[in-house]
Student: 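Attaching a single structure in structure tokens format; questions to follow.
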Amino acid sequence: LDAIQSALEGQSRDRDVDAGDVHLHVDIEPLTTDQGTVGVMEVGLSDDDARDTLRSFLLILALAYPLALIAATGGGIFLASRALSPIDRLTRVARKITAEDLSQRLDLRLPDDEVGRLAQTFDEMIARLDESFRRQRQFTADASHELRTPLTALKGQAEVALQRDRDIEGYKEVLTAVNAEVDRMIRLVASLLNLARADSGEIPITREPVDLGRVITDAAEQLRPAAEAKNLTLRLQSGPDVTLAGDQDLLLQLVLNLVDNAIKYTPSGGAVDVTWSADGRAAEIRVSDTGPGIAAEHLPRIFDRFYRIDKARSRDGGGSGLGLSISRWIAETHGGSIDVTSEPDRGTTFVVHLPSA
Ligand code: ADP
């Protein structure tokens with residue numbers, strides 16, 4: 001009644017009414033005309049409908065949520081396993097590739113996505129490992145072979161010497177031959193050691209100012225007696241003053257190797273020319289000879305380790321086929337390069353480029 005009273009006084013009122021098991025939400029509104037409030041209107045709405053709607057909504061949620069969860073989980077598992085299956089394949093194949101069998105590749109032919117690129121990178125890495133293992137095996141095989149040859153020669157000489165008693169001169173002769181062979185082995189082992197240490201980055205390269213002209217002159221003068229003994233003309237043409245940041249001993253060895261080769265392979269009566277020049281950024285050393293030259297098919301390989309064109313002749317001259325590979329390493333480790341041009345029967349020119357300080 002209170003509510004009706006206040007509605008009559010022009011105010012809206014709300015109230016909840018429980019009628020049996022029906023719960024009504026009642027709104028009481030004043031009916032107002034020009035003459036003022038003439039009555040009230042009472043409207044009641046059962047909230048059962050809202051409750052029914054909420055209940056069905058709850059039911060839908062209770063059923064749909066687990067279903068959606070199951071579908072999402074299943075879909076997730078399916079998608080993840082599809083995305084990861086190439087990785088699984090990659091793992092299985094990768095497991096089969098061992099250090100002994102690096103010739104295998106994953107070769108998975110996957111699309112160019114993240115996993116495809118991973119497989120591709122993996123294959124490239126295996127290829128590089130394969131190449132480096134192959135070179136190492138080759139190096140070991142070549143080195144053993146190179147060491148076995150002088151050892152066999154030594155053994156032969158010792159056996160011949162021991163077959164019968166000899167006079168002092170006879171023994172001296174054998175010992176001289178043995179001495180020469182041992183010298184060759186010492187040079188070979190030193191070169192091998194150098195290369196092995198260079199490979200593992202163990203050789204400390206000093207970077208001190210080096211007077212290039214001095215180094216080239218020293219090398220040429222050290223080898224002048226050998227050139228004269230072979231009746232070769234060794235011409236040294238001085239170039240400008242050049243200072244390099246580098247390792248003096250290694251640079252000397254580089255020039256010695258090139259001039260020594262030129263003298264070794266040029267027949268007597270020929271000439272060896274050594275020059276150097278420089279522009280602002282780089283120095284160039286040239287060692288040319290009038291020797292037999294190098295046929296085009298050998299040119300790309302002469303810097304390979306143990307590569308000799310005429311094995312028998314090189315051996316007599318004491319070459320092991322390592323000189324040029326060491327020279328190339330020295331040039332490259334100084335940030336430079338080494339190139340060769342040659343004309344068979346006319347001569348050979350080695351050109352070394354080194355960045356100047
Ligand atoms: P080696 O110790 O046999 O001289 P190198 O690595 O110094 O080995 O040279 C490799 C090969 O290149 C040599 O065996 C030789 O056949 C060839 N060679 C190098 N320099 C010359 C040259 N100036 N003239 C002709 N052939 C050369």
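Along the sequence shown, residues are numbered consecutively beginning with 1. For ligands, and for the atoms within them, numbers begin at 1 and follow the listed sequence. These numbers come from a predicted model, not from an experiment.
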Student: Please verify the inter-ring angle class for Tyr307 with His298; under 30° counts as parallel, over 60° as perpendicular, anything in between as tilted.
Tutor: tilted
Student: With respect to atom 23 (N) of ligand 1, which of Val259, Ile326, Asp289, Leu258 exhibits the smallest heavy-atom separation?
Tutor: Asp289
Student: Run the numbers for me: atoms of ligand 1, each under 4.0 Å from some heavy atom of Tyr307, listed by number.
Tutor: 10 (C), 11 (C)
Student: Looking just at side-chain N and O atoms, do Asp142 and Gln138 make a donor-acceptor pair shorter than 3.5 Å?
Tutor: yes
Student: What atoms of ligand 1 come closer than 4.0 angstrom to any heavy atom of Ile302?
Tutor: 10 (C), 12 (O)
Student: In ligand 1, which numbered atoms sit nearer than 4.0 Å to a non-hydrogen atom of Arg308?
Tutor: 3 (O), 14 (O)
Student: With a 6.0 Å cut-off (strictly less than), is the heavy-atom count around CG of Asp16, excluding the residue itself, greater than 12?
Tutor: yes
Student: Surrounding CG of Asp88 (heavy atoms of other residues, nucleotides or ligands, distance under 6.0 Å), is the total greater than 12?
Tutor: yes
Student: Any atoms of ligand 1 less than 4.0 Å from a non-hydrogen atom of Ile309? List them with their elements.
Tutor: 14 (O), 16 (O), 17 (C)
Student: Can you tell me how far the CZ atom of Arg128 sits from the CG atom of Asp123, to the nearest 0.5 Å?
Tutor: 11.0 Å
Student: Please confirm whether Gly321 approaches ligand 1 to less than 4.0 Å, judged on its heavy atoms.
Tutor: yes
Student: As a check for students: among Asn261, Ile294, Val340, Leu322, identify the option with a heavy atom nearest to atom 27 (C) of ligand 1.
Tutor: Ile294
Student: Does Arg286 make a cation-pi contact with Phe350 (under 6.0 Å, within 45 degrees of the axis)?
Tutor: no
Student: Suppose I only count heavy atoms of Thr348 and a 4.0 Å limit; which atoms of ligand 1 are within that range?
Tutor: 24 (N)
Student: Need the ligand 1 atom indices (1-based, order shown) with element for anything under 4.0 Å from a heavy-atom of Phe350.
Tutor: 20 (N), 23 (N)
Student: So, taking the atom named OG1 in Thr152 and the one named CD in Glu181, what distance separates them when rounded to the nearest 0.5 Å?
Tutor: 9.5 Å
Student: Does the salt bridge (Lys or Arg N to Asp or Glu O under 4.0 Å) test come out yes or no for Arg117 and Asp113, once each step is laid out?
Tutor: CA-CA 6 Å; Arg117 283 194 293 276; Asp113 55 11; over 6 Å; no
Student: Give a yes/no on ligand 1: does Asn257 have at least one heavy atom closer than 4.0 angstrom to it?
Tutor: no
Student: Near Lys264, which atoms of ligand 1 are under 4.0 Å from a heavy atom of that residue?
Tutor: 1 (P), 2 (O), 4 (O)
